[in-house]
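The model shown is predicted, which means the values in this text are computed figures rather than measured ones. Counting convention: from 1, in listed order, for ligands and their atoms alike.
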Amino acid sequence: MKVINDPVAIQKLKQAERLVVLTGAGVSAESGIPTFRGEEGLWKKLSPEELASFEAFYNNTAVVSEWYQHRREIIHNTEPNPGHHALAELQKLAPTFDLITQNVDGLHQRAGSSDVVELHGNIMENYCVNCNLQYSQEEFDDIFRHNPNHIPHCYCGGLIRPNVVWFGEALPEESIEKAYQASKQSDVFLSVGTSAQVSPASNLPRVAKQNNSYLIEINKTVTAISDIVDLHLEGLSGEILPMFLDDYKLLRNDK
Ligand code: BJW
Ligand code: ZN
């Protein structure tokens, strides 16, 4: 079954030199990782700021650290889904391809994607807020397991936090800079499985559009950017992305 039927979309994809994809929690939903917002979202009971801020971590270190350990366990026991795999294959076919993700789960890399731009960090990495010492997941697990209070401390006495970006914190400079540049230069920009509510990531499709990129959205529902996209493909990314890949292969061979 074809998903790219629109004649303009076909033309744009045939000609596109630079394809940029922005992903959000929705791409990992079919792997069994809960999204943040919405019906099955992680934040139904607690507001985002109650968990995903430095203030929350500082005031409720045990609760927040346990929440991250719980999510790591879920991620550890999941696999990339057909959507992740389709994007990894798309990277090999497109003349220039950039994958920008808001996800911290590392599933794109596990599916074979390379040079992934991680805007919000990686949940498997940890570091000391005092001396910046990095801890691998194994080292962190060890500290966490041997600490009955679930308050992870570094050798220097500082708290150990996940290497993720919380509300009010700056995104890694190199990542956001690369993401803006790629979005500006994109010919086709694909926004997949994100509610597009969190800035600055949510600015990227807008920046792409302002620079005449053709905007495609894949989501199971409408989002904050649906009114500006050129093509909205409604459904599950684990189903639509493999079909998108098949269509892309055909239309690139048929220039
Ligand atoms: C499917 C599907 C399927 C489901 N197939 N689709 C007012 C007050 C205070 C702050 C602000 C404010 N206004 C703006 C701000 C800034 C703030 C912000 O944007 N807040 C908004 C919420 C209002 N942003 C920040 O604070 C950022 N930093 C910043 O601006 O810094 C400025 C600064 C500059 C210089 C110095 C200092 C500071 C930082 C944002 C960090 C976001 N962090 C989180 C947590 C990461 C760690 C963790 O994982 O715990 O990142 S929040 C959370 O949201 C996470 C996600 O990456 C991010 C985006 O969520 P995403 O991916 O879109 O998920 P959902 O759940 O929202 O949507 C899922 C979508 O998938 C839905 O649309 C579904 O329909 C769909 N879906 N299943 C296809 N199978
Ligand atoms: Zn330290």
Residue part near ligand 1, for [X], under 4.0 Å between non-hydrogen atoms:
{"X": "His120", "answer": "side chain"}
{"X": "Thr194", "answer": "both"}
{"X": "Val198", "answer": "both"}

Just jot down the ligand 1 atoms closer than 4.0 angstrom to any heavy atom of [X], in number order.
{"X": "Ala29", "value": "78 (N)"}
{"X": "Thr221", "value": "75 (O)"}
{"X": "Glu30", "value": "3 (C), 5 (N), 80 (N)"}
{"X": "Tyr68", "value": "47 (C), 48 (C), 50 (O)"}
{"X": "Val104", "value": "49 (O)"}
{"X": "Gly24", "value": "62 (O)"}
{"X": "Arg37", "value": "53 (C), 54 (O), 59 (C), 60 (O), 64 (O), 65 (P), 66 (O), 67 (O)"}
{"X": "Glu169", "value": "27 (C), 28 (N), 29 (C), 31 (O), 38 (C), 39 (C)"}

Just go through [options] and tell me whose heavy atom is the nearest to [atom].
{"atom": "atom 69 (C) of ligand 1", "options": "Gly235, Ser237, Gly193", "answer": "Gly193"}
{"atom": "atom 6 (N) of ligand 1", "options": "Lys220, Glu239, Arg71", "answer": "Lys220"}
{"atom": "atom 24 (N) of ligand 1", "options": "Ser199, Ser53, Ala170", "answer": "Ser199"}
{"atom": "atom 45 (C) of ligand 1", "options": "Val164, Ile176, Val165, Thr35", "answer": "Val165"}

With a 4.0 Å cut-off on heavy atoms, is Gly168 touching ligand 1?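 It does, in that a heavy atom of Gly168 comes within the 4.0 Å cut-off of ligand 1.
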
Tell me whether Gly121 reaches ligand 1 (any heavy atom closer than 4.0 angstrom to a ligand atom).
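It does not; every heavy atom stays at 4.0 Å or beyond.
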
| Test: Arg161 cationic atom under 6.0 Å from Trp166 six-membered ring centre, within 45° of axis |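 Positive - Arg161 is close enough to the ring of Trp166 and near enough to its axis.
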
So if you build clusters from Ile, Leu, Val, Met, Phe, Trp, Tyr with side-chain heavy-atom gaps below 4.5 Å, do Leu190 and Val27 land together?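 Yes.
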
- Going only through I, L, V, M, F, W and Y residues with side-chain contacts under 4.5 Å, is there a path from Ile151 to Val164?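 Yes: a chain of side-chain contacts under 4.5 Å links Ile151 to Val164.
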
* **More than 12 heavy atoms of other groups within 6.0 Å of Gln197 CD** =>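 More than 12 heavy atoms, drawn from other residues, nucleotides or ligands, come within 6.0 Å of this atom.
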
For Tyr58, I'd like to know if atom OH has over 12 heavy atoms of other residues, nucleotides or ligands within 6.0 Å.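 12 or below, so no.
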
Discussion item. Tell me whether Arg110 is salt-bridged to Asp105, with the criterion being a basic N under 4.0 Å from an acidic carboxylate O.
Written reply: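 Salt bridge: no.
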
- Inspect the contact between Asp98 and Arg18 and indicate whether a charged nitrogen and a carboxylate oxygen are less than 4.0 angstrom apart.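 Here Arg18 pairs with Asp98 in a salt bridge, since their nearest N and O are under 4.0 Å apart.
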
Under 30°, 30 to 60°, or over 60°: which ring-plane class applies to Phe244 and Tyr248, parallel, tilted or perpendicular?
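Phe244 and Tyr248: parallel rings.
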
**Item:** Shortest non-hydrogen separation from Ala196 to Ser202 and the atoms involved
**Value:**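 Taking Ala196 first and Ser202 second, the nearest heavy atoms are O-CB, 3.5 Å.
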
### Task
Show the numbers, then the answer: is there a side chain to side chain donor-acceptor pair (under 3.5 Å) between Ser113 and His84?
CA-CA 8 Å; Ser113 289; His84 295 109; over 6 Å; no

* Taking Asn147 for its side chain and Ile143 for its backbone only, find out whether a donor-acceptor pair lies under 3.5 Å. =>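 No; judged by distance alone, with no hydrogens or angles, the pair does not exist.
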
#### Entry: Angle, SG of Cys128 through the Zn ion (ligand 2) to SG of Cys156 - 10° precision
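So the angle at the metal works out to 100°.
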
